[in-house]
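These notes concern the structure reproduced below.
The structure displayed is predicted, hence computed values, not measured ones.
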2 protein chains.
Amino acid sequence: MQKNLEWEKGNMFSKRSVETDVLIKKLLKCAVSGTGIHEEFKCMLKQIAAFVRASVGSLLLLMDDGSLQFVAVYGGKEGIIGERLPPGSGIAGVVAESLRPIISNNPSEDERWAKEFAVSIGYIPENILAVPVMTGNKIVGVLEVLNKHGGFNKEDLKLISSVIPILSSVVEKVRLYYVNQKEIERLRALIDISLKLGGMLDLQTLLEGIMETAKEALDAEASSIFMIDKERNDLYFVAATGEKKESLKEIRVPWGKGIVGWVAEHGRTLYVPDVSKDERFYSKVDEKTKFITKSIIAVPLWKKSEIIGVAEVLNKKGGGTFTVEDITVFEAIAKHASIAIENASLYKELEDLFRNAIMLVVNAIEAKDPYTKGHTARVTKYSMLIARTFKMSAEQRRALELAALLHDVGKIGIPDSVLLKPGKLTEEEYALIKEHPSRGAKIMEPLKIPEVIEGILHHHEKYDGSGYPDGIKNGDIPFNARIIAVADAFDAMTTDRPYRKGLPLEEAIRRLKKDSGTHFDPEIVQAFLDVLEVRREEIIKTISS
Amino acid sequence: MQKNLEWEKGNMFSKRSVETDVLIKKLLKCAVSGTGIHEEFKCMLKQIAAFVRASVGSLLLLMDDGSLQFVAVYGGKEGIIGERLPPGSGIAGVVAESLRPIISNNPSEDERWAKEFAVSIGYIPENILAVPVMTGNKIVGVLEVLNKHGGFNKEDLKLISSVIPILSSVVEKVRLYYVNQKEIERLRALIDISLKLGGMLDLQTLLEGIMETAKEALDAEASSIFMIDKERNDLYFVAATGEKKESLKEIRVPWGKGIVGWVAEHGRTLYVPDVSKDERFYSKVDEKTKFITKSIIAVPLWKKSEIIGVAEVLNKKGGGTFTVEDITVFEAIAKHASIAIENASLYKELEDLFRNAIMLVVNAIEAKDPYTKGHTARVTKYSMLIARTFKMSAEQRRALELAALLHDVGKIGIPDSVLLKPGKLTEEEYALIKEHPSRGAKIMEPLKIPEVIEGILHHHEKYDGSGYPDGIKNGDIPFNARIIAVADAFDAMTTDRPYRKGLPLEEAIRRLKKDSGTHFDPEIVQAFLDVLEVRREEIIKTISS
């Protein structure tokens with residue numbers, strides 16, 4: 001049984017009865033109790049419900065995204081305070097949109113009734129009277145009274161309508177307060193996101209961070225970032241979260257295709273609430289991933305005034321739709337993400353530049369002595385394989401890599417006549433060769449990384465103290481130097497030199513074992529032997545590279 | 001004439017008269033007008049003022065920092081809406097702190113009256129009645145009525161008190177709204193700051209940006225940043241804004257001294273409203289700068305969990321004091337600044353590392369040929385001096401510098417027997433020497449900076465096309481290469497070589513002029529000659545360095 005009643009705007013100043021006068025006084029008393037918004041409204045709801053002999057009352061505020069938020073409940077489940085009804089949903093939603101009151105004396109048979117919501121909170125009312133709360137011509141909320149023995153009638157509506165104006169002014173101010181409160185929450189979350197993303201200087205970590213953040217902030221099922229590949233003229237995945245994460249990574253989207261292609265081309269946000277109804281949707285991605293995309297928000301990522309990529313979130317969790325607020329939040333995240341991406345990119349570029357500069361030095365060393373071509377790369381590879389078996393930080397690994405790449409840098413200053421001499425060296429000449437670790441350390445001084453410098457300086461020390469330049473032994477030899485010593489010796493043994501062929505692998509292993517504990521740190525030899533066992537094929541290939 | 005009246009809490013529900021009943025109805029009517037907060041309150045103020053025959057009314061809300069903000073005015077200067085009275089200031093401020101009403105029938109003789117504020121808005125009232133607006137035991141604002149013919153009396157106070165409760169509930173909600181509104185403004189400003197600072201990767205620019213931002217956001221006279229120098233165990237200025245900017249930069253503060261020293265040691269924010277009363281204040285800075293510090297907020301700057309510096313703002317503009325809100329804002333700025341500083345520091349470290357790696361290459365070149373010792377540094381210096389006379393971007397300058405530093409890198413692969421040969425070279429040997437630009441370009445390939453590679457490849461081209469390796473001429477020769485060619489030739493002429501002494505400066509200049517237009521780009525020769533004229537002494541020093 002549903003009724004749409006004629007809606008007479010209540011006017012307490014002309015038509016009110018003695019009872020409404022008493023009610024107004026009671027409502028004012030509630031208003032000045034000073035115990036807080038919830039209690040104040042609860043007090044009012046109690047008075048209003050009693051007035052029409054209903055046992056439950058609730059007040060919903062219209063939020064800026066069109067949803068209705070419960071702010072007070074009397075006689076019912078207080079747990080729903082803070083919950084929201086989506087725009088147009090339920091009897092209250094219909095009231096808010098039509099600006100007309102509704103009496104529904106059998107809500108479970110009423111199709112307007114938000115059954116799912118009621119089930120979710122476990123509350124099935126017997127009957128409902130819902131009226132819009134207006135200030136001037138503007139709706140600010142909905143007042144509901146529920147569960148009146150025998151059902152609500154037109155007289156109840158009249159009575160309630162007459163006291164709505166006294167509520168409306170207060171409700172509007174509380175509504176404004178809530179709207180602001182919501183905005184504050186959003187801004188605070190955004191500041192946290194900004195701090196989090198701002199601290200990520202590693203590009204891959206950052207991109208993943210952006211996606212995790214967006215997915216969480218928008219309550220989406222999945223999210224991804226595409227970057228523009230100008231040369232290939234397409235977009236490629238660089239980060240994706242969600243169950244289909246791995247499969248997404250191989251996918252490329254042709255230029256201009258799909259939602260992301262459109263956003264990359266137009267530089268504007270695009271929200272597609274139902275991809276099945278949008279021609280731009282590029283279904284090939286779903287075909288490959290077996291992910292079923294329902295809705296998408298896609299926003300451009302910028303580097304200064306150039307679009308460099310597109311971030312998207314897919315499917316609101318729980319089957320709902322994204323809100324205007326979600327779009328705003330995502331755009332704000334993208335703004336912060338863009339700056340963080342730019343910083344991380346610049347950092348990565350500089351890192352590549354540095355790496356290349358180091359390669360220049362390596363090339364310079366090898367340009368001098370063609371017989372050692374590839375020696376540096378191999379020693380570095382063996383060193384890094386050994387390092388993997390030890391617990392080392394990323395920074396420590398980086399220092400070892402630099403030390404290995406540059407271990408022979410000191411050879412640059414040694415005359416070709418000595419360095420490249422085919423025959424046997426004189427004692428003096430050998431003394432000059434033996435200078436290369438200390439010359440290298442001196443050359444490397446400006447780098448100011450002690451772990452690199454000592455790795456170079458001591459890579460010809462021996463475990464028993466019989467090496468050079470300082471004759472230090474055991475643990476006194478820096479760890480990096482001990483690793484490079486093993487890698488360096490292994491490469492010298494296994495590769496061809498002008499005066500001899502390289503030794504067979506088994507013979508090199510035998511010699512390593514023999515010299516373990518005298519020349520070499522036994523722990524490192526063992527680590528390398530383990531690596532040799534597991535990666536035998538790979539190492540055989542490296543030897544002949 | 002001042003009176004402190006006994007304050008009877010108004011209670012409209014028991015004692016009210018017929019007139020108050022009428023007033024309440026009028027106030028409710030105002031409340032439901034739906035025309036917005038200001039108008040609604042103005043309507044109420046009008047009714048209340050009329051009620052006691054005052055011609056002006058104003059309503060002030062108590063904000064979270066204790067100040068009172070005007071939200072509505074009836075009959076007076078509406079321009080003051082939004083203005084704030086500092087905590088305890090003026091008659092309204094005394095009312096808000098004492099929770100007691102005040103009648104002041106001659107405010108210009110009343111010491112509680114905020115004379116300065118009244119003068120600033122150009123409004124001198126005849127008389128004032130001010131009452132606290134309370135909800136429960138909590139003050140939420142102050143209601144003032146002004147300018148009653150003959151002055152206010154106890155009866156007026158009684159009448160007004162009786163209608164306060166009807167106002168209070170609404171006022172409290174509006175107050176909460178304003179508090180949130182203020183918070184939203186703060187958060188939005190912070191987000192802007194975060195975006196701005198996040199985009200600054202150059203450390204010096206960033207530090208100056210932080211200070212400008214803090215100064216502006218907190219309306220301070222000056223601001224500065226100190227960084228901790230662990231080795232010297234003190235703090236040094238790295239950025240300062242304000243009139244004394246330059247003089248501040250030389251100043252160091254010993255560890256543990258001063259407000260900044262305290263903050264660096266304790267890692268906590270410190271607000272000193274009056275430095276003359278705080279023993280920790282280190283007056284030596286003021287002595288040196290002639291700046292008169294009155295108040296300071298100092299906050300620590302962090303790198304992960306380590307304090308790396310201290311930021312401070314000095315003196316609220318207009319002689320006021322900083323508020324709790326200012327402290328919160330400054331702390332939030334410091335949080336974002338810390339992350340930006342960390343990023344910029346990491347970037348700077350990597351930049352230094354790259355620069356050092358390039359110096360390794362330079363050292364490697366010079367290690368080969370001791371006679372060219374210093375040659376690279378001098379050529380680079382001359383090139384950069386020439387570059388200054390042209391309009392070039394920072395990036396272009398950087399590329400030129402790299403090209404100049406590395407112009408002879410290709411000599412690394414040339415055998416010592418040729419490169420260092422004291423006598424005359426055979427044709428074949430000379431051909432080998434002439435390979436160094438192309439060898440250099442090849443070595444530099446991994447750097448992937450075309451401006452650097454072409455600068456190296458073509459630094460032996462001649463303006464008339466008679467150079468090598470490609471024999472290109474005029475504008476076809478890359479700009480960087482034309483600059484390096486002049487710098488390189490000048491250094492070769494002016495320095496000693498194994499087989500001859502360096503030419504006198506005048507002779508070198510004569511030869512440059514002679515070869516201008518044949519070997520060299522005349523525009524660049526002219527630029528260098530101009531530099532030689534202006535910086536003659538400096539260049540003579542460089543030649544013999």
Using a cut-off of under 4.5 Å on heavy-atom pairs, state which of B:N180, B:I191, B:V140 scores highest against chain A. B:N180

A:Y177 side, atom OH; B:E172 side, atom CD - distance, nearest 0.5 Å: 9.0 Å

Once rounded to the nearest 0.5 Å, what's the spacing between atom CG of A:L346 and atom CD of B:E351? 10.0 Å

dist B:I358:CD1 -> A:N356:CG (nearest 0.5 Å) comes out at 9.5 Å

Is any side-chain heavy atom of A:E183 less than 4.5 Å from a side-chain heavy atom of B:R188? yes

Residues of residues 331-340 of chain A near chain B, each having a heavy atom less than 4.5 Å away: A:K335, A:H336, A:I339

Under 3.5 Å donor-acceptor, A:N343 side chain and B:G198 backbone: yes

Proximity breakdown for B:M444 and chain A, heavy-atom pairs closer than 4.5 Å: both

How about CD on A:E185, more than 12 heavy atoms from neighbouring residues, nucleotides or ligands closer than 6.0 Å, or not? yes

Which bit of B:L190 comes within less than 4.5 Å of chain A, counting heavy atoms only: side chain, backbone, both or neither? side chain

Distance (rounded to the nearest 0.5 Å) between A:I443 CD1 and B:E366 CD: 11.5 Å

Looking at B:K348, I want to see if its NZ is surrounded by more than 12 non-hydrogen atoms of other residues, nucleotides or ligands under 6.0 Å. no

If you tally heavy-atom pairs under 4.5 Å between each of B:L195, B:I414, B:V174 and chain A, the highest tally belongs to B:L195

Which portion of B:Q181 sits near chain A, non-hydrogen atoms under 4.5 angstrom: both

